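Okay, structure first, notes after.
Remember, it's a predicted structure, so these values are computed and weren't measured experimentally.
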Amino acid sequence: MNKGRIILHIDLNCYYASVEQIYDPTLKGKPVAIAGNPKERRGIIITCSYEARARGVYTTMNVGEARRKCPELIVLPPNFERYRAASKSFFNLLKEYSEILQPVSIDEGYLQLPVIEGQNVLQHVQKMQDRIWNELQLPCSIGIAPNKFLAKMASDMKKPMGITILRKRDVPTVLWPMNVIEMHGIGKSTAEKLKKLGIQKIEELAVADEYTLKQNFGINGLRMKQKANGEDDRPVDPQAIYDTKSVGNSTTLSHDTTDRDELYKIISTLSEKVAERLKAKKLAGVTVSVMIRTADWETYTRSKSINNAIFSKDDIVEQAWDLFAKNWNEEPVRLLGVTVSNVSDIKETTQQLTFFNFEEYIKDEPIIKLVDQIEQKFGKGAIIRGSDIAKPVGKYHANTSFSKDFWDEQN
């Protein structure tokens with residue numbers, strides 16, 4: 001099925017730091033880090049240059065520890081306006097090579113090249129990498145493979161400015177000797193669970209018993225085994241970036257706290273940001289999650305699903321605070337996050353009618369029928385509620401996860 005596909009995974013190296021070095025060339029060759037609160041010792045490193053990494057600095061390290069490891073570290077606040085502009089230029093350049101382009105975050109994406117007889121793929125990709133560097137001054141690593149999984153694995157093998165070809169026939173010699181934690185899509189907890197099953201190498205996962213994998217990991221267990229064998233039929237989907245599955249926001253506190261009033265205000269603020277983004281996308285969700293990170297770096301997430309999809313700040317605050325209050329052990333908190341997931345279009349969500357709310361929906365029924373008639377005549381979206389008009393979304397917080405919904409907001 002995949003025969004003939006040429007798929008690239010292009011990953012910009014140390015993206016935020018690279019962009020800052022473009023705007024200030026004196027930063028080139030120096031240890032640079034981007035942090036949410038650079039003046040606070042508890043500020044978290046978002047990304048850092050390779051010079052900083054060579055000194056032991058890494059993403060998620062707090063600023064105080066990073067400066068102890070690298071006293072000459074230059075710590076800068078994030079400038080998302082710059083990063084979005086550079087990202088747009090990057091993806092516009094990629095579109096010149098193929099319209100089959102799937103951005104997966106602000107600084108990486110998949111590109112399917114057209115197959116041209118006699119074409120030297122490596123030379124073609126080398127010229128692409130050169131253009132990204134010469135025209136945009138952005139270093140990148142590129143993986144070339146017949147499917148997305150292998151392309152992603154390949155792009156991680158040579159950084160910075162590497163190009164790696166990974167064919168399916170290379171899997172036994174290149175991938176199988178690696179530990180499963182090095183496999184894209186497998187995190188620390190999954191790796192620990194696999195270890196308990198006697199699976200530590202990718203080769204062991206490739207030949208693992210499918211029944212055992214399914215019992216422990218569900219359908220994802222079978223997918224992991226397929227990828228361990230170099231199999232991945234997922235298409236490069238230009239529309240996938242718009243397929244938002246969740247909307248969330250998190251923040252690292254400037255100081256650890258046990259103050260309930262302060263914690264409630266933070267959850268309220270996070271819920272408001274989530275609500276704004278849901279409304280901007282015209283989405284509502286039925287699952288609310290709260291992430292709590294304690295002062296000793298223990299992180300846990302608690303979720304609950306509800307009958308009626310929600311998108312308003314008040315509803316999100318109510319559910320998020322209830323989750324927090326029931327699961328917080330009053331230990332000092334250093335980070336909080338609120339997420340609404342299992343989302344869908346607001347117009348497609350249904351409310352569960354009860355004895356107490358059915359009259360409200362009966363009153364709305366004539367309006368709903370009128371809207372349907374107008375849309376049938378003039379097209380879907382011809383009329384909308386005033387409350388559905390998107391408000392401008394504020395600047396992103398440093399800890400906002402940049403995922404599919406982030407790219408959607410940039411275009």
Side-chain angles (χ1 to χ4, degrees), residues 9-94 103-109 126-143 154-164 250-254 297 334-335 395-402 406 410:
H9 180 263
I10 306 101
D11 187 11
L12 297 175
N13 305 140
C14 302
Y15 180 58
Y16 294 171
S18 295
V19 173
E20 295 297 343
Q21 289 171 335
I22 293 171
Y23 280 85
D24 183 357
T26 64
L27 297 175
K28 292 184 178 180
K30 296 179 180 179
V32 177
I34 312 300
N37 294 297
K39 294 182 180 179
E40 296 282 348
R41 68 180 178 87
R42 294 188 183 278
I44 300 299
I45 301 294
I46 300 172
T47 190
C48 57
S49 66
Y50 282 102
E51 293 81 3
R53 296 181 188 192
R55 297 292 301 274
V57 180
Y58 57 84
T59 301
T60 73
M61 179 181 280
N62 68 60
V63 172
E65 184 180 356
R67 283 190 165 132
R68 284 193 294 275
K69 286 185 174 290
C70 182
E72 67 272 31
L73 184 69
I74 301 169
V75 185
L76 304 171
N79 187 321
F80 292 113
E81 186 176 344
R82 287 179 180 175
Y83 309 150
R84 290 193 293 269
S87 177
K88 187 173 184 180
S89 298
F90 166 62
F91 284 111
N92 283 340
L93 187 152
L94 294 184
V104 292
S105 71
I106 192 173
D107 60 350
E108 64 175 308
Q126 180 67 66
K127 290 179 181 178
M128 179 192 301
Q129 186 187 59
D130 290 343
R131 281 193 64 196
I132 295 170
W133 173 249
N134 293 328
E135 297 178 23
L136 306 179
Q137 299 179 56
L138 292 172
C140 71
S141 296
I142 302 176
S155 70
D156 285 337
M157 290 179 179
K158 294 178 186 177
K159 290 188 175 184
M161 293 291 285
I163 298 177
T164 304
S250 64
T251 184
T252 300
L253 283 57
S254 60
W297 283 86
R334 100 180 256 118
L335 177 145
K395 289 185 178 179
Y396 295 94
H397 189 277
N399 284 31
T400 300
S401 296
F402 301 113
F406 174 87
Q410 313 319 315

inquiry  = Please give me the minimum heavy-atom distance between Ile34 and Ala17, naming the atom from each residue.
reply    = CG1-N, 4.1 Å

ask   = Who are the salt bridge (charged side-chain N to carboxylate O under 4.0 Å, His left out) partners of Glu51, not counting sequence neighbours?
value = none

ask   = Of all heavy-atom pairs between Pro78 and Ala35, which one has the smallest distance, and what is that distance?
value = CD-O, 3.1 Å

key: Lys159: salt bridge (charged side-chain N to carboxylate O under 4.0 Å, His left out) partners, not counting sequence neighbours   = Asp11, Asp156

ask   = Between Glu20 and Arg82, is there a side-chain N and carboxylate O pair less than 4.0 Å apart?
value = yes

message = Between Cys48 and Val57, is the side chain to side chain contact (heavy atoms under 4.5 Å, CB included) condition met? List the steps.
response = CA-CA 7 Å; Cys48 57; Val57 180; 4.0 Å; yes

ask   = Donor-acceptor pair, Ser141 side chain versus Pro160 backbone, under 3.5 Å?
value = no

task = Evaluate side chain to side chain contact (heavy atoms under 4.5 Å, CB included) for Arg53 paired with Thr47, printing each intermediate quantity in order.
result = CA-CA 9 Å; Arg53 296 181 188 192; Thr47 190; 3.7 Å; yes

inquiry  = Could you measure the distance from the CD1 atom of Ile46 to the OG1 atom of Thr59? Nearest 0.5 Å is fine.
reply    = 9.0 Å

query = About how many Å separate OG of Ser89 and CG of Leu138, when rounded to the nearest 0.5 Å?
reply = 8.5 Å

remark   = Taken to the nearest 0.5 Å, the spacing of Ile142 CD1 from Met161 CE works out to 8.5 Å

key: Any Leu12 side-chain heavy atom under 4.5 Å of Glu108 side chain   = no

request  = With the side chain counted from C-beta on, respond yes when Gln21 and Gln137 share a heavy-atom pair under 4.5 Å apart, and no when they do not.
outcome  = no

query = Leu94 versus Ile10: any side-chain heavy-atom pair under 4.5 Å?
reply = yes

query = Does the side chain to side chain contact (heavy atoms under 4.5 Å, CB included) test come out yes or no for Ile163 and Lys158, once each step is laid out?
reply = CA-CA 7 Å; Ile163 298 177; Lys158 294 178 186 177; over 6 Å; no

request  = Give the ring-plane orientation class for Tyr16 versus Tyr83, where under 30° counts as parallel, over 60° as perpendicular and anything between as tilted.
outcome  = parallel

inquiry  = Taking the cut-offs as 6.0 angstrom to the six-membered ring centre and 45 degrees off its axis, would you call Arg84 and Phe80 a cation-pi pair?
reply    = no

query = Who pairs with Asp107 by salt bridge (charged side-chain N to carboxylate O under 4.0 Å, His left out), at least two apart in sequence or on another chain?
reply = none

inquiry  = Restricting to ring pair (Phe, Tyr, Trp, His ring centres under 6.0 Å), what partner residues turn up for Phe90, sequence neighbours left out?
reply    = none

Spatial distance of atom CG (Asn62) from atom CD1 (Ile44) [nearest 0.5 Å] = 5.5 Å

request  = Would you give the length of the straight line joining atom CG of Leu27 to atom OG of Ser18, rounded to the nearest 0.5 angstrom?
outcome  = 11.0 Å

Expected output: side-chain Tyr15 to main-chain Ser87 donor-acceptor under 3.5 Å = yes

remark   = Taken to the nearest 0.5 Å, the spacing of Cys140 SG from Ile132 CD1 works out to 4.0 Å

side-chain hydrogen bond (donor to acceptor under 3.5 Å, both in side chains) involving Asn79 - partner list, sequence neighbours excluded = none

query = Do Lys30 side-chain atoms and Thr26 backbone N/O form a donor-acceptor pair below 3.5 Å?
reply = yes

ask   = Should we count NZ of Lys127 as having more than 12 external heavy atoms under 6.0 Å?
value = no

remark   = Here the pair of heavy atoms bringing His9 nearest to Ser155 is ND1-OG, 2.7 Å

task = Could you tell me which residues satisfy salt bridge (charged side-chain N to carboxylate O under 4.0 Å, His left out) with Arg131, sequence neighbours excluded, listed by chain and number?
result = Glu96, Glu135

key: Test side chain to side chain contact (heavy atoms under 4.5 Å, CB included) applied to Leu76 and Ile74, step by step   = CA-CA 7 Å; Leu76 304 171; Ile74 301 169; 4.1 Å; yes

